[in-house]
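The chain is numbered in sequence order, starting from 1.
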Amino acid sequence: MIKRIAQTAGFSGLLAALLLTLLQSFWVAPLILQAETYENAPAAEAHEHADGAMAAHSHDAEAWEPEDGWQRVLSTTGGNLVVAVGFALMLAGLYTLRAPNRTSQGLLWGLAGYATFCLAPTLGLPPELPGTAAADLAQRQIWWVGTAASTAVGIALLVFAQNWLLKVLGAAILAVPHVIGAPQPEVHSMLAPQALEAQFKIASQLTNALFWLALGLISAWLFRRKSDGQYSA
């Protein structure tokens, strides 16, 4: 069983990560690069017009960042692969508890994953372009984890619970983090135009949706194939 889970997670995670990287390279990354031009412009202007500060000016050591081109694509692929395999391991583990009867049921698991780890958290913390003001990182991380956990529990109760009281409880749990509200910055500001931010939010949501649907479908197909040796649809 461990070998079956590992093989399912490895292959499905790899394929889904490659798909995600491809979508990001052609759809999301160009928007981020465009936003970075707005982020870097004020800093460059301030540096150029700083009179009399040359002697006292010094640059701090900055963290390494991948350059545009193959370095950025390679680092993005590596990060996507780690995340995709981790999510695929989670799905494969869940399949051992409730195996999909058809490969197409993987789409439902993918939708559940998308709702849990993408849609619900972004209702309070939408994806942000470089140069956008944000609340404290620790507070955002705590709210994100709590929202993902509440969404997972709520969906599980709504789908699998037999008692209607448990289903009502699941709906209430889904709403709790959004009633509490996500942490917000004191002042909302952004350097990129609103139109660019809107494009980025749409691209991020659709890209993640396609990633999760692909991950659910591929993982269910591989899990069933390892189970009975048949190509089921």
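- Annotation: the span from T103 atom OG1 to L222 atom CG amounts to 9.0 Å, rounded to 0.5 Å.
- Under 3.5 Å, the side chains of T76 and Q24 contain no donor-acceptor pair of N or O atoms.
- The minimum heavy-atom distance between T116 and A148, with the atom names listed, is CG2-O, 3.2 Å.
- Using a distance-only test at 3.5 Å, with no hydrogens or angles considered, a donor-acceptor pair links the side chain of Q184 to the main chain of G124.
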side-chain contact (heavy atoms from CB on, under 4.5 Å) between W27 and L206, worked out: CA-CA 10 Å; W27 199 358; L206 292 179; 3.3 Å; yes

L137 and R140: CA distance, side-chain angles, deciding distance, side-chain contact (heavy atoms from CB on, under 4.5 Å) verdict: CA-CA 5 Å; L137 177 61; R140 286 184 289 149; 3.6 Å; yes

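- Y38 has its side chain within reach of L196: a pair of non-hydrogen atoms, C-beta onward, lies under 4.5 Å apart.
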CA sep, side-chain torsions, deciding dist, call: L111, L107, side-chain contact (heavy atoms from CB on, under 4.5 Å): CA-CA 6 Å; L111 285 174; L107 293 174; 5.6 Å; no

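- Taken together through direct or relayed side-chain contacts under 4.5 Å among Ile, Leu, Val, Met, Phe, Trp and Tyr, W212 and L119 form part of one hydrophobic cluster.
- F117 is connected to V159 through a chain of hydrophobic side-chain contacts under 4.5 Å among Ile, Leu, Val, Met, Phe, Trp and Tyr, so both are in one cluster.
- Below 30°, between 30° and 60°, or above 60°: for W143 and H178 the angle between ring planes is above 60°, a perpendicular geometry.
- Atoms CD and CG, on E186 and D136 in that order, are 11.0 Å from each other to the nearest 0.5 Å.
- Taking the six-membered ring where the residue is Trp, Y95 and W109 present perpendicular rings, their angle passing 60° and hence far from 30°.
- When the side chains of ILVMFWY residues are joined at heavy-atom separations under 4.5 Å, either directly or via intervening members, L94 and L215 end up in a single hydrophobic cluster.
- The structure places CD1 of I202 at 10.0 Å from CG of L31, a figure rounded to the nearest 0.5 Å.
- The heavy-atom pair separating A9 from L89 by the smallest distance is CB-CD2, 3.4 Å.
- Both M90 and F211 sit in one connected hydrophobic cluster of ILVMFWY residues. Membership requires side-chain heavy atoms under 4.5 Å apart, directly or through other members.
- Within the model, atoms CD1 of I5 and OG1 of T96 stand 5.0 Å from one another, a figure rounded to the nearest 0.5 Å.
- Clustering ILVMFWY residues whenever any of their side-chain heavy atoms sit less than 4.5 angstrom apart, transitively, puts L18 in a cluster other than the one holding L20.
- Looking only at side-chain heavy atoms (C-beta outward), L91 and F87 stay at 4.5 Å or farther from each other.
- Counting non-hydrogen atoms of neighbouring residues, nucleotides and ligands closer than 6.0 angstrom, the CG atom of L165 exceeds 12 such neighbours.
- Residues V73 and S25 share a closest heavy-atom pair of CG2-OG, 4.5 Å.
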side-chain contact (heavy atoms from CB on, under 4.5 Å) between V28 and F200, intermediate numbers included: CA-CA 7 Å; V28 179; F200 178 70; 3.5 Å; yes

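- More than 12 heavy atoms of other residues, nucleotides or ligands lie within 6.0 Å of CZ in F160, so this atom counts as buried by the packing criterion.
- Going from atom CZ of R224 over to atom CG of N101 covers 7.0 Å, rounded to the nearest 0.5 Å.
- Using modelled atom types, one side-chain atom of T37 and one backbone atom of Q34 make a donor-acceptor pair closer than 3.5 Å.
- Remark: L169 CG to L174 CG distance equals 10.0 Å, nearest 0.5 Å.
- Nearest heavy atoms, T122 versus P127: CG2-CD, 3.9 Å.
- For the residue pair A214 and L19, the shortest heavy atom distance occurs at CB-CD2, 3.5 Å.
- L157 and A161 make their closest contact through O-CB, 2.9 Å (heavy atoms, listed as atom of the first residue, atom of the second, distance).
- The only member of V153, L158, T151 that meets side chain to side chain contact (heavy atoms under 4.5 Å, CB included) when paired with I155 is T151.
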